[in-house]
Amino acid sequence: MFSRLSRATSRKASCSKAQIPLQFCLGRRGIVQPSGADRASVVDLPSTYKDENHFTPRSDMLGFKLELPQREGSLKEKTRPIYLDMQATTPVDPRVLDAMLPYLTDQYGNPHSRTHAYGWEAEQAVEDARKHVADLIGADPKDIVFTSGATETNNMAIKGVARFHKEKKKHVITTQTEHKCVLDSCRKLGEEGFDITYLPVQTNGVISLEELEKAIRPDTSLVSIMTVNNETGVIQPMKEIGALLRKHRGVYFHTDAAQAVGKIPVDVNEMNVDLMSISGHKLYGPKGVGAAYVRRRPRVRLEPILSGGGQERGLRSGTLPTALAVGIGEAARIAKKEMARDHIHINALSKRLIDKINAQVEHVVRNGDVAGYPGCVNLSFSYVEGESLLMALKDIALSSGSACTSASLEPSYVLRALGAAEDMAHSSLRFGIGRFTTEAEIDFVVQHIINTVHRLREMSPLWEMVQEGIDINSIDWSQSQH
Amino acid sequence: MSTPSRRAILSLYQSTLRTSRSFSSYNFRNYFVRRAKDTFRTIQSETDPVRVQSLYSEAARDLAVLRRSAIVNQLYGGWRLAVEDQKPEMTRADN
């Protein structure tokens with residue numbers, strides 16, 4: 001009723017505007033007339049109107065629409081994206097959670113309390129967990145130190161060893177493709193007066209042993225090389241590196257194995273590793289816990305970062321989080337048991353993903369060594385911007401690089417170190433496949449990726465030029481010269 | 001202890017499968033169903049009675065853990081994934 005009325009008035013107004021001269025019109029009244037409160041009438045929506053988004057704000061809400069509170073009933077209607085970012089973190093295995101729950105409820109004792117049963121049972125649980133972690137990497141339980149994660153372990157190992165030997169040795173070697181926390185610890189040491197060598201990698205992401213041997217100096221105290229790269233899945237030849245470093249006395253070998261432990265077979269004695277970093281949440285355990293392997297024979301001495309009660313051989317003071325330690329222990333136990341089965345599954349899924357994408361999309365480049373860890377597939381789609389691809393894939397949780405740098409639009413430094421061109425580094429996507437990924441998910445992802453890549457390329461003028469046979473690199477984009 | 005009977009193994013397999021299917025989360029449900037099938041195929045193809053006995057008792061222990069995990073997962077999990085909501089592809093019959 002109200003709408004008919006307003007349409008009639010506006011028609012009348014437009015008629016009068018056409019007939020009456022403008023001056024006169026303005027003098028007497030405005031073109032747009034204010035309507036009084038008496039003319040306004042609230043029209044209720046018909047009872048048949050059913051829109052989920054319909055929401056009537058209360059008077060104290062100032063007109064803003066609030067998110068509806070989550071209710072039990074609405075749980076089923078919302079769909080969640082497929083998780084394909086296992087290098088960032090993995091879901092907690094339900095069996096791990098089951099092992100942790102008693103220590104989050106009734107068995108809350110401090111594992112360092114020696115005077116009562118609450119302490120004893122917690123200590124027993126922590127020691128069992130330590131044994132499981134040690135078994136997974138072929139170490140002795142006494143070599144394992146629980147920390148808050150791989151970042152803390154990396155800091156502890158690199159800064160600890162370098163600072164302990166700073167009187168005589170002032171040189172540390174690492175690679176350009178390390179994780180941010182290793183590179184940043186080394187930068188900090190550089191500020192303190194240490195010499196840091198950042199080894200380059202070959203185009204497949206593997207370091208060259210000759211370069212490493214050349215870089216070793218008499219005053220080198222530590223070499224830090226990661227086992228599996230977090231962005232490309234490249235596996236470094238750890239046994240060969242370990243054997244090479246064994247020949248040089250007094251050079252300690254640290255490896256960041258956060259992405260490797262529980263996924264590929266790792267043995268500290270085979271690899272001749274002196275220090276190793278392990279992360280709980282990369283092997284289906286809880287976040288906030290990690291472990292350090294610190295060799296006792298021959299003894300590795302390092303300066304602890306935290307000072308305090310002298311727990312964990314004095315290397316990491318502070319009360320152990322019993323539940324988290326039990327979690328990483330159970331995760332390690334399951335990983336050891338399931339590693340072969342998981343590896344077959346992940347290998348098959350990875351092959352399926354790569355083959356299907358390669359069959360239907362051209363100009364796709366796989367970054368990093370082909371023989372790397374199959375659960376980490378880094379693909380570059382030429383002529384498509386990686387971030388816009390991610391935006392278009394709302395049903396898939398993917399990343400273009402490591403989670404630490406996912407907020408910035410800078411191309412990944414790891415891919416640049418591999419020698420990838422800037423445009424290829426910008427168009428990369430990392431697919432992380434894990435224990436809980438299914439074949440149906442891979443098929444779904446492949447279908448969406450193919451559709452989106454084709455759609456984005458249709459829009460791209462670069463793609464049009466490539467189709468016409470123009471070499472993109474030969475174009476002089478700046479038109480100032482000539 | 002003697003080797004478990006064929007009937008006992010099948011009954012354990014059935015309860016493991018049923019428990020695995022009761023997980024609300026898509027990924028966990030599929031994983032545990034796949035794992036149960038795999039484990040019991042291994043038991044089926046095993047000929048050494050001592051190995052069968054140890055695999056059987058391990059599977060029985062796992063079932064207790066799985067039962068508790070499934071309950072916790074039903075309490076807190078259960079968002080549907082995008083892959084579960086796919087509509088079946090329709091093709092035109094008359095062309």
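Chain naming here is simple, since letters A, B, ... match the order of the sequence lines and numbering starts at 1 in each.
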Check: Are A:R80 and B:E84 within salt-bridge range, i.e. N to O under 4.0 Å?
Finding: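 No, A:R80 and B:E84 are not salt-bridged.
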To the nearest 0.5 Å, how far apart are [atom1] in [X] and [atom2] in [Y]?
X: B:D38; Y: A:E338; atom1: CG; atom2: CD; answer: 9.0 Å
X: A:T437; Y: B:N30; atom1: OG1; atom2: CG; answer: 11.0 Å
X: A:E439; Y: B:R34; atom1: CD; atom2: CZ; answer: 8.5 Å
X: A:D98; Y: B:N73; atom1: CG; atom2: CG; answer: 12.0 Å

Checklist line | Between B:Y31 and A:T438, a side-chain donor and acceptor under 3.5 Å | finding: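 Per modelled atom types, B:Y31 and A:T438 side chains form no pair under 3.5 Å.
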Item checked: A:E441 and B:N27: side chain donor to acceptor below 3.5 Å ->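 Indeed, the side chains of A:E441 and B:N27 share at least one donor-acceptor pair under 3.5 Å.
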Next item on the list: Might you work through the side chain to side chain contact (heavy atoms under 4.5 Å, CB included) test for A:R435 and B:R35, ending with a clear yes or no?
Entry: CA-CA 11 Å; A:R435 184 185 285 168; B:R35 186 173 173 279; over 6 Å; no
Next item on the list: Check whether any side-chain heavy atom of B:S25 lies under 4.5 Å from a side-chain heavy atom of A:F436, and answer yes or no.
Entry: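 Sidechains of A:F436 and B:S25: no contact.
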Margin query: Could you tell me if the side chain of B:F32 sits less than 4.5 Å from the side chain of A:R95, heavy atoms only?
Written below: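 Side-chain contact under 4.5 Å: yes.
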Checklist line | Interface moiety of A:K337 toward chain B, non-hydrogen atoms closer than 4.5 Å | finding: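 For A:K337, the contact with chain B is made by the side chain alone.
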Next item on the list: Measure A:V92 against the heavy atoms of chain B and call it side chain, backbone, both or neither at under 4.5 Å.
Entry: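 Just its backbone gets close to chain B.
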Note to self: Is it the case that over 12 heavy atoms from other parts of the model lie below 6.0 angstrom from the NZ atom of A:K287?
What the structure shows: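 For A:K287, atom NZ is crowded (more than 12 foreign heavy atoms under 6.0 Å).
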Item checked: Flag if over 12 foreign heavy atoms under 6.0 Å of NZ, A:K351 ->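 No.
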Notebook entry, point to check: What residues of residues 60-69 of chain B sit under 4.5 Å from chain A when you count only heavy atoms?
Noted result: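 The residues closer than 4.5 Å to chain A, in numerical order, are B:D62, B:V65, B:R68, B:S69.
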Notebook entry, point to check: Should A:L101 and B:V72 be marked as a side chain to side chain contact (heavy atoms under 4.5 Å, CB included) after you check the CA-CA gap, both sets of side-chain angles, and the distance that decides it?
Noted result: CA-CA 10 Å; A:L101 278 174; B:V72 174; 4.0 Å; yes
